[in-house]
Enquirer: 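Please read through the structure below; I'll follow up with questions.
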Amino acid sequence: MARNTDLRHVERAESIARRMDSAFRLPFTRITFGWDSLIGLVPGVGDALALAPSLYIVKSARDLRAPRRLQRRMLANIGADWVIGLIPLIGDVFDIGFKANLRNAALLRAHVEAQQAAEQAPRPPSSLSLAAGTVPDASMTPA
């Protein structure tokens, strides 16, 4: 049940990331941009307002027990996006290409999928079961 809940959190983060980074496409091109780019056009306040959805994605990572190292990497992506976004024109172009929210959503999905794969992986027999004389697999018995 927790797996489905974790995936719903990831899907919510991905939905926010898509809206913030690639909701729109320039006609006749493959260039996409989102609300982050549009909000960032408002001097000063725009870049600060765009931080809220970005930080929500990092909060989701924290809620899903992502390692601190991963959370720091996500915050570094947001920080780079924010700092460079403060530079007029250059920041707006960088924002269209960097897509920090999509990067962070991809990092979050990779973490959750790896965590779920580790939970589903078969576990080696414990030393307790071997000491009790049970053999978990017939192929492991000496011939």
Enquirer: Quick check for you: to the nearest 0.5 Å, what is the distance between Arg19 atom CZ and Phe24 atom CZ?
Expert: 11.0 Å
Enquirer: Indicate, with yes or no, if Val93 and Trp82 share a hydrophobic cluster defined by side-chain heavy-atom contacts under 4.5 Å among Ile, Leu, Val, Met, Phe, Trp and Tyr.
Expert: no
Enquirer: Of Asn101, Asp81, Asp36, which is the lone residue that meets side-chain hydrogen bond (donor to acceptor under 3.5 Å, both in side chains) with Ser54?
Expert: Asn101
Enquirer: Is a donor on one side and an acceptor on the other found under 3.5 Å between the side chain of Lys99 and the backbone of Thr32?
Expert: yes
Enquirer: Roughly how far apart are Leu75 CG and Arg68 CZ, rounded to 0.5 Å?
Expert: 11.5 Å
Enquirer: Give the intermediate values and the outcome of side-chain contact (heavy atoms from CB on, under 4.5 Å) for residues Leu55 and Lys59.
Expert: CA-CA 6 Å; Leu55 292 174; Lys59 180 193 176 300; over 6 Å; no
Enquirer: Rounded at 0.5 Å granularity, tell me how far CG in Asp63 sits from OG1 in Thr5.
Expert: 12.0 Å
Enquirer: Strictly distance-based, threshold 3.5 Å: is any side-chain N or O of Ser60 a donor or acceptor partner for the main-chain N or O of Tyr56?
Expert: yes
Enquirer: Got a sec: does the CG of Leu26 have more than 12 other heavy atoms crowding it under 6.0 Å?
Expert: yes
Enquirer: Donor-acceptor pair, distance only, cut-off 3.5 Å: does the side chain of Gln71 make one with the backbone of Ala66?
Expert: yes
Enquirer: Report whether Leu51 and Ile39 are members of the same hydrophobic cluster (ILVMFWY, side-chain heavy atoms less than 4.5 Å apart, transitive linking).
Expert: yes
Enquirer: May I ask whether Leu86 and Leu38 are part of the same hydrophobic cluster, defined by side-chain heavy atoms of I, L, V, M, F, W, Y residues being less than 4.5 angstrom apart, directly or through others?
Expert: yes
Enquirer: Arg103 side chain to Phe98 main-chain N or O, any donor-acceptor pair under 3.5 Å?
Expert: yes
Enquirer: In terms of heavy-atom contacts, does CZ of Arg109 have more than 12 from other residues, nucleotides or ligands at under 6.0 Å?
Expert: yes
Enquirer: May I have the step-by-step check of side-chain contact (heavy atoms from CB on, under 4.5 Å) for Gln116 and Asp6, ending in yes or no?
Expert: CA-CA 9 Å; Gln116 289 180 355; Asp6 290 354; 4.1 Å; yes
Enquirer: Same hydrophobic cluster for Val58 and Val83, using side-chain heavy-atom links shorter than 4.5 Å among ILVMFWY?
Expert: yes
Enquirer: Check whether Asp21 reaches the backbone of Leu102 with its side chain - one donor and one acceptor, N or O, closer than 3.5 Å.
Expert: yes
Enquirer: Under the side-chain contact (heavy atoms from CB on, under 4.5 Å) rule, what do Leu64 and Val10 come out as? Steps first, then yes or no, please.
Expert: CA-CA 9 Å; Leu64 292 171; Val10 170; 4.1 Å; yes
Enquirer: Drop me the distance from His111's NE2 to Met74's CE, to the nearest 0.5 angstrom.
Expert: 9.5 Å
Enquirer: Pairing donors with acceptors under 3.5 angstrom, does anything connect the side chains of Arg25 and Thr29?
Expert: no
Enquirer: Write down the atom of Ala100, the atom of Asn77, and the distance for their closest heavy-atom approach.
Expert: CB-O, 3.6 Å
Enquirer: Under 6.0 Å from the CD1 atom of Ile90, do we count more than 12 heavy atoms belonging to anything else shown?
Expert: no
Enquirer: So if you build clusters from Ile, Leu, Val, Met, Phe, Trp, Tyr with side-chain heavy-atom gaps below 4.5 Å, do Leu89 and Ile96 land together?
Expert: no
Enquirer: Rounded to the nearest 0.5 Å, what's the gap from CZ on Arg12 to CD1 on Ile57? Could you check?
Expert: 10.0 Å
Enquirer: Assess the residue pair Leu107 and Asn104 against the criterion (side-chain contact (heavy atoms from CB on, under 4.5 Å)); give the C-alpha distance rounded to whole Å, side-chain angles, the decisive distance to 0.1 Å, and a yes or no.
Expert: CA-CA 5 Å; Leu107 289 171; Asn104 288 344; 3.9 Å; yes
Enquirer: Locate the shortest heavy-atom distance separating Gly85 from Asp47; write the atom from each residue and the value.
Expert: O-OD2, 3.0 Å
